[in-house]
Amino acid sequence: MTDASMGSLADRLALVTGAASGIGRSISCRLLADGATVLAADIDTAGLAALREEVGERCVPMRCDVTDPDSLAAVGAEATRRGGLHIAVANAGRGAFAPIVDHPLEEWRSIIDLCLTGVFLTVQLAARVMVNGGSIITISSLNATQPSAGMSAYCAAKAGVVMLTQVAAMELGARDIRVNTIAPGLVQTNATSAFWMVPGVVDEFIENTTLGRFPHAGDVAAMAAFLAGDESRSVSGSLFRVDGGASTQRYPDLPAAFARLAAPPA
Ligand SMILES: NC(=O)c1ccc[n+]([C@@H]2O[C@H](COP(=O)([O-])OP(=O)(O)OC[C@H]3O[C@@H](n4cnc5c(N)ncnc54)[C@H](O)[C@@H]3O)[C@@H](O)[C@H]2O)c1
């Protein structure tokens, strides 16, 4: 769908962080297809330019570092200039692999800063520039509720995002702002491409789903579109898993998988 007047989100202004790649890119494309104008925020300006080139002028590329309040404030000013924000997707994030005993403190702080504080700042900014209700969607992870050895910072940050989402839902409900989180399982993106290079680990991810497949970025985007729109008007403070059923099972043994990768061939 390219005609905004036909979409269920026509006349809505959305902010998507981490919009240049992977899940954020897919969510941006879906919200655009549903008629929204999207402030596409990312530190990757080349990726944003490519997105804009592909999807057209209702995509507004904005260089933005979600860990920097001033950078986010510039996006907020643009939203206000356009009449206020209706939808915000706090998606930017990345993982890191390090056992706790060897975890560099700087890496820990960097993951918490991006994956938890960056989401806090995005939710805060969105709440400040939403005028007449709205929908805020955070992207947490299967790792918010399912631990993975070697991913302490990421798991802790994503668990924090789930609680932050619920607190925000409590605080903002009186203004008719709904706040929900989507917890994806393994999705093939730039961030997870390394998993495809580790023998057996993707098979283990698939074995640990109930459906025998992991989700595509478009599946996460479909959930985001539902949460962004009026059909979810009574939904707030909730966690939505898009993980092929993986939360019912166990997380792959990543330390063992990476050890196999490092081991010399038998
Ligand atoms: N891919 C998965 O398997 C998976 C699973 C669960 C949750 N998630 C979550 O989904 C989100 C998106 O992940 P993805 O797999 O699409 O990753 P990705 O690497 O494809 O995209 C992440 C985007 O975030 C941007 N970004 C990084 N730091 C930023 C910053 N400081 N400010 C603004 N933008 C920044 C990057 O430039 C990139 O465009 C993340 O929060 C991730 O934790 C991913």
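All ligand and atom numbering here is 1-based and tracks the order in the structure. For the numbers below, each heavy atom of this structure counts, side chains included, while hydrogens, waters and symmetry mates do not.
Using a 3.5 Å distance cut-off with no hydrogens or angles, the side chains of Thr17 and Thr122 do not pair a donor with an acceptor. In summary, the side chains of Ser110 and Arg94 do present a donor paired with an acceptor at a separation below 3.5 Å, with no hydrogens or angles considered. In the model, Arg178 has a side-chain atom that pairs as donor or acceptor with a side-chain atom of Ser232 under 3.5 Å. A donor-acceptor pair shorter than 3.5 Å cannot be found between the side chains of Thr248 and Thr210.
Checking only distances, Val187 does come within under 3.5 Å of ligand 1, N or O to N or O. Checked by distance only, ligand 1 and Leu186 stay at 3.5 Å or farther apart across all their nitrogen or oxygen atoms. The shortest N or O to N or O distance between Ile23 and ligand 1 is under 3.5 Å. Looking at ligand 1, you'll find an N or O of Thr189 within less than 3.5 Å of one of its N or O atoms.
Within the listing of ligand 1, atoms 23 (C), 24 (O), 25 (C) sit less than 4.0 angstrom from a heavy atom of Gly18. Under a 4.0 Å criterion applied to the non-hydrogen atoms of Gly22, ligand 1 contributes the atoms 16 (O), 20 (O). Taking every non-hydrogen atom of Ile139 and a distance limit under 4.0 Å, the qualifying atoms of ligand 1 come out as 9 (C), 10 (O). Which parts of ligand 1 touch Asp65 is read off a 4.0 Å heavy-atom cut-off, strictly below it: atoms 30 (C), 31 (N), 32 (N). Within ligand 1, counting atoms from 1 as listed, the ones closer than 4.0 Å to a heavy atom of Thr192 are 1 (N), 2 (C), 3 (O). Proximity to Tyr154 (heavy-atom distance under 4.0 Å) selects the following atoms of ligand 1: 6 (C), 7 (C), 8 (N), 9 (C), 42 (C), 43 (O). Atom numbering of ligand 1 starts at 1 in the shown order; those under 4.0 Å from a heavy atom of Asn91 are 10 (O), 11 (C), 12 (C), 40 (C), 41 (O).
Although no hydrogens or angles enter the test, the distance criterion places a donor-acceptor pair under 3.5 Å between the side chain of Glu204 and the main chain of Asp253. Under the 3.5 Å distance criterion, the side-chain polar atoms of Asp219 are matched with a main-chain donor or acceptor of His216. Side-chain atoms of Arg175 come within 3.5 Å of backbone N or O of Met130 as a donor-acceptor pair.
Within the 4.0 Å heavy-atom criterion, both parts of Ile43, backbone and side chain, lie near ligand 1. Only the side chain of Leu114 comes within 4.0 Å of ligand 1, counting heavy atoms alone; its backbone N, CA, C and O stay farther away. When non-hydrogen atoms are compared, ligand 1 lies under 4.0 Å from the backbone of Cys64 (N, CA, C, O) but not from its side chain. The side chain of Lys158, and not its backbone, has at least one atom closer than 4.0 Å to an atom of ligand 1 (non-hydrogen atoms only; side chain from C-beta on).
Relative orientation of the Phe195 and Phe205 rings is tilted, given thresholds of 30° and 60° on the angle between their planes.
Heavy atoms of Leu142 come nearer than 4.0 angstrom to ligand 1 in no pair at all. Using a 4.0 Å cutoff on heavy atoms, Ser140 counts as a contact of ligand 1. Ligand 1 lies nowhere less than 4.0 angstrom from a heavy atom belonging to Ala217. By the 4.0 Å heavy-atom criterion, Thr17 is excluded from the residues contacting ligand 1.
Between Pro252 and Asn208, the closest side-chain pair of non-hydrogen atoms falls below 4.5 Å. Contact annotation: the side chain of Gln124 never approaches that of Leu72 to less than 4.5 Å [non-hydrogen atoms, C-beta and beyond].
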